[in-house]
Amino acid sequence: MVATQVRTLPALRYGAMAALAVLVALAFTVFGSVGRASAVQADCEFVLGFGALQAMAPSTVGACVANEQHDASDGVTRQQTSSGVLLWDKATNWTGFTDGYRTWVNGPTGLQERLSIERFDWEPASIALGATAEADAATLAYVSAAIAAYEQDGLDATVAHYNSEASIEGGRSLMMVDRSSLTLLAAPIFRNLVGATLPRGHSLLRVIQVVNEDGGWVNHLQTNPVNGQREPRRSYFVLHDGIVFSSGHFSVRADLAGVIREYVSNAIGRYRTQGLDATVDFYNSDASVDGYLYLFLMDPDDIYLAHPIFPHLIGTDIKDVVGSNGYELGKEIAKATPEGHWVEYPWPNPATGREEPKTAWVVRHEGLIFASGYYTPDPSAEPPAWIGADPREYTVEYVQQAIARYDRDGLESMTNFYNSTAAFEGQFYLFAMDANDIYFVHPLFPRLIGTDIKNVVGSDGFELGKAIAAATEEGVWVEYLWPHPVTLQEAPKVTFAIRHDGRIFASGYYPVADDPAAATMAYVQAAIDRYERDGLEATVAYYNSRESFDGASFLFLIDGNDLYLVNPLLPQRIGTDVKQLRARGLDGMVYNYGEQIASVTEEGGWFSNLRPSAQGSGSATHVWAIRHDGLIFGSAYFDDE
């Protein structure tokens, strides 16, 4: 993901505070825009407001691809271009252009650019984020009270108070940063980071460096500690006596449906400009995922081409996907038309790891189905039970839950649920066999359904299928090699299997090293030793192969120009600049993760972020990287704490 440069567009003077808001809003633009080349429709044209906007920024809007179309269901007129979508809201006379991640708005001061998740204060309420004047006033009052406390009680007393939970009011907490040293002085919800220097890639660093005594507002994404969701947050920053004081409040997008439709339109635009292969590669990558927002894509035969959250679905028919409630959601999605329609169903939220109601917008374009959606979670829901649980104990509990569902709801309902992605809980999934030992449940490898487990033999020759088929009503434990859900490469697995009502119910876990940090460092050192022994070319060839995987561990290797040489899990990154990568830190903020990796020294360093994948939702990724002979060698381990 490439940060865009700030560009000056025709506009009148903006107020000091609003100008700062625009500046920092641009600083949050982290996604690259879609390509500009496209096949142009000869008989289409830009007219009226769209024509005026295109004339103001022709290189940004791009060429005409199709004539405008009005959607009576939401009152919005849209026109596809070679770079994105033009939009006009009839009810408010709002006109803008978006490439999916950024939006250019033709407003009272000319053409202005912002992130699509942001809104200018002057934009209509139907377009704007749901932050109210009352919420803004409360945040300002909270920050003002902190500054007053600092003036009255001094720095030490203020820092002590605002690092305590007692200082949190109405969900608002204070952040204090020493401007000269960039040291975090206070942050009660991230106390483990207090005293540290903000890293070079921190998403708020630029704001802290440019804010002045007049203060300013920033709209950005942050993890809400109440529900674990990535949500729009409106924060106020002000410089006082060399210290940056900041607080904010979470706001709700007024038009989630519009955001999703624009996201899907942008995906179609990417396909039109860059082709199918590039589109599939991008939407199968981590770079395309932002919290809960991701695209899934099917071919003209309704076969999955892209799904970054559940890659095991790729190559399967969406019409076979059934929700945990028995709803045949896949068949409904497969009914997609060029006009598009909405589908509601339960589905795992990659931002929370829980199954939640999802509303997806699905469009068929040139035979392909483009789809994305949003979730409406229950804020009071507890974290998934598997997070932090003893894996051996939870394996038994997970299997017993499946048996209880079978006894309560019957065979068909249980089968539909556990063959769906909704049944995944981290690394846990069910596989089940009938009285003749024939698979009837296997969500990770559905091709096994209908085959005899007794014929399954591991790569080491161990007849694991026969061992599992020997399950009794007391249950058996079996250890063997099996593909890991993250890498789909073989790793040691421990499975519990029990026979109930003649059928076998089974699940398992993948043991981790007693000291995963030491194991990760040893894996990287082994790669360095191979490099010293065999040279660069042989090392690159080996670690770009699946043979190099060790369970969930794999190597990434970066050259002296910060370009990827090795990344077997995401080969599309090879040749790209690591400094372009951003990630969500454990504190919920977005960091320039790639710049941190690129700055690593010969002493090495650890970097932690949150995984976006539903197979490990809520899991932390701990990356060890070290520079050797001008190259950067790195690997990672995951945990669910």
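Since we're looking at a predicted model, the values are computed, not measured. Side chains included, hydrogens not; waters and symmetry mates left out as well; all remaining heavy atoms used. Numbering of residues begins at 1 and proceeds along the displayed sequence.
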Name all residues meeting the ring-ring contact (aromatic ring centres under 6.0 Å, His included) criterion together with [X]; count only those two or more places apart in sequence or in a different chain, and write none if there are none.
| X | value |
| --- | --- |
| Tyr542 | none |
| Phe556 | none |
| Tyr394 | Phe428 |

Side-chain donor/acceptor of [X] to backbone N/O of [Y], under 3.5 Å:
| X | Y | answer |
| --- | --- | --- |
| Asn455 | Gly465 | no |
| Asp534 | Ala538 | no |
| Asn419 | Phe440 | yes |
| Ser635 | Phe554 | yes |
| Asn284 | Leu305 | yes |
| Ser413 | Asp409 | no |

Check: Side-chain donor-acceptor pair under 3.5 Å between Tyr429 and Ser507, yes or no?
Finding: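 There is no such pair (donor and acceptor under 3.5 Å, judged by atom type) between the side chains of Tyr429 and Ser507.
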Item checked: Donor + acceptor pair across side chains of Glu344, Tyr327 (<3.5 Å) ->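 Their side chains do not contain a donor-acceptor pair, so the 3.5 Å distance test is not met.
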Item checked: Arg270 to Phe282, cation-pi by 6.0 Å centre distance and 45° axis angle ->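 Judged by the rule (NZ or CZ under 6.0 Å from the ring centre, within 45° of its axis), Arg270 counts as positioned above Phe282.
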Item checked: Cation over ring face, Arg499 and Phe505, 6.0 Å, 45° ->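 So Arg499 doesn't make the cation-pi contact.
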Next item on the list: Starting from the C-alpha separation in whole Å, work towards a yes-or-no answer on salt bridge (charged side-chain N to carboxylate O under 4.0 Å, His left out) for Arg503 and Asp434.
Entry: CA-CA 5 Å; Arg503 298 176 173 86; Asp434 66 16; over 6 Å; no
Item checked: Of Val264, Ile369, Thr337, the residue whose pairing with Val363 passes side-chain contact (heavy atoms from CB on, under 4.5 Å) ->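 With Val363 as partner, side-chain contact (heavy atoms from CB on, under 4.5 Å) holds for just one option, Val264.
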Please identify each residue that fulfils side chain to side chain donor-acceptor pair (under 3.5 Å) with [X], with sequence neighbours left out.
| X | value |
| --- | --- |
| Asp529 | Gln525 |
| Asn436 | none |
| Asn544 | none |
| Tyr523 | none |

Could you measure the distance from the [atom1] atom of [X] to the [atom2] atom of [Y]? Nearest 0.5 Å is fine.
| X | Y | atom1 | atom2 | answer |
| --- | --- | --- | --- | --- |
| Thr576 | Ile558 | OG1 | CD1 | 9.0 Å |
| Lys358 | Tyr345 | NZ | OH | 4.0 Å |
| Asp301 | Ile318 | CG | CD1 | 13.0 Å |
| Leu481 | Asp460 | CG | CG | 5.0 Å |
| Ile632 | Leu565 | CD1 | CG | 10.5 Å |

What is the ring orientation for [X] with [Y], classed by angle as parallel under 30°, tilted 30 to 60°, or perpendicular over 60°?
| X | Y | result |
| --- | --- | --- |
| Phe431 | Tyr439 | tilted |
| Trp624 | Trp606 | tilted |
| His442 | Phe445 | tilted |
| Tyr263 | Tyr283 | perpendicular |
| Trp361 | Trp342 | tilted |

Next item on the list: Keeping to residues at least two apart or across chains, list the salt bridge (Lys or Arg N to Asp or Glu O under 4.0 Å) pairs with something in residues 443-453.
Entry: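 For residues 443-453, and leaving out neighbouring residues, the salt bridge (Lys or Arg N to Asp or Glu O under 4.0 Å) pairs sorted by first residue read Asp452-Lys454.
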List the atom of [X], the atom of [Y], and the distance in Å for their closest heavy-atom pair.
| X | Y | result |
| --- | --- | --- |
| Ala469 | Ile453 | CB-CG2, 4.3 Å |
| Val524 | Phe633 | CG1-CB, 3.7 Å |
| Thr316 | Pro446 | CG2-CG, 4.1 Å |
| Pro483 | Tyr510 | O-OH, 2.5 Å |
| Val322 | Glu328 | CG2-CG, 4.4 Å |
| Ala267 | Phe370 | O-CE2, 3.8 Å |

Notebook entry, point to check: Is the number of heavy atoms from other residues, nucleotides or ligands under 6.0 Å of Lys331 NZ greater than 12?
Noted result: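 No, NZ of Lys331 has 12 or fewer neighbouring heavy atoms, counting only those of other groups under 6.0 Å.
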Next item on the list: May I ask you to check whether over 12 heavy atoms, not counting those of Asp277, lie within 6.0 Å of atom CG?
Entry: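 Counting other residues, nucleotides and ligands, CG of Asp277 stays at 12 neighbours or fewer.
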Residues that [X] engages under side-chain contact (heavy atoms from CB on, under 4.5 Å), provided they are two or more places apart:
| X | value |
| --- | --- |
| Asp320 | Asp317 |
| Gln400 | Val396, Ile403, Ile498 |
| Ala497 | Ile468, Ala471, Val476, Ile504, Ala506 |
| Ala371 | Phe296, Val362 |

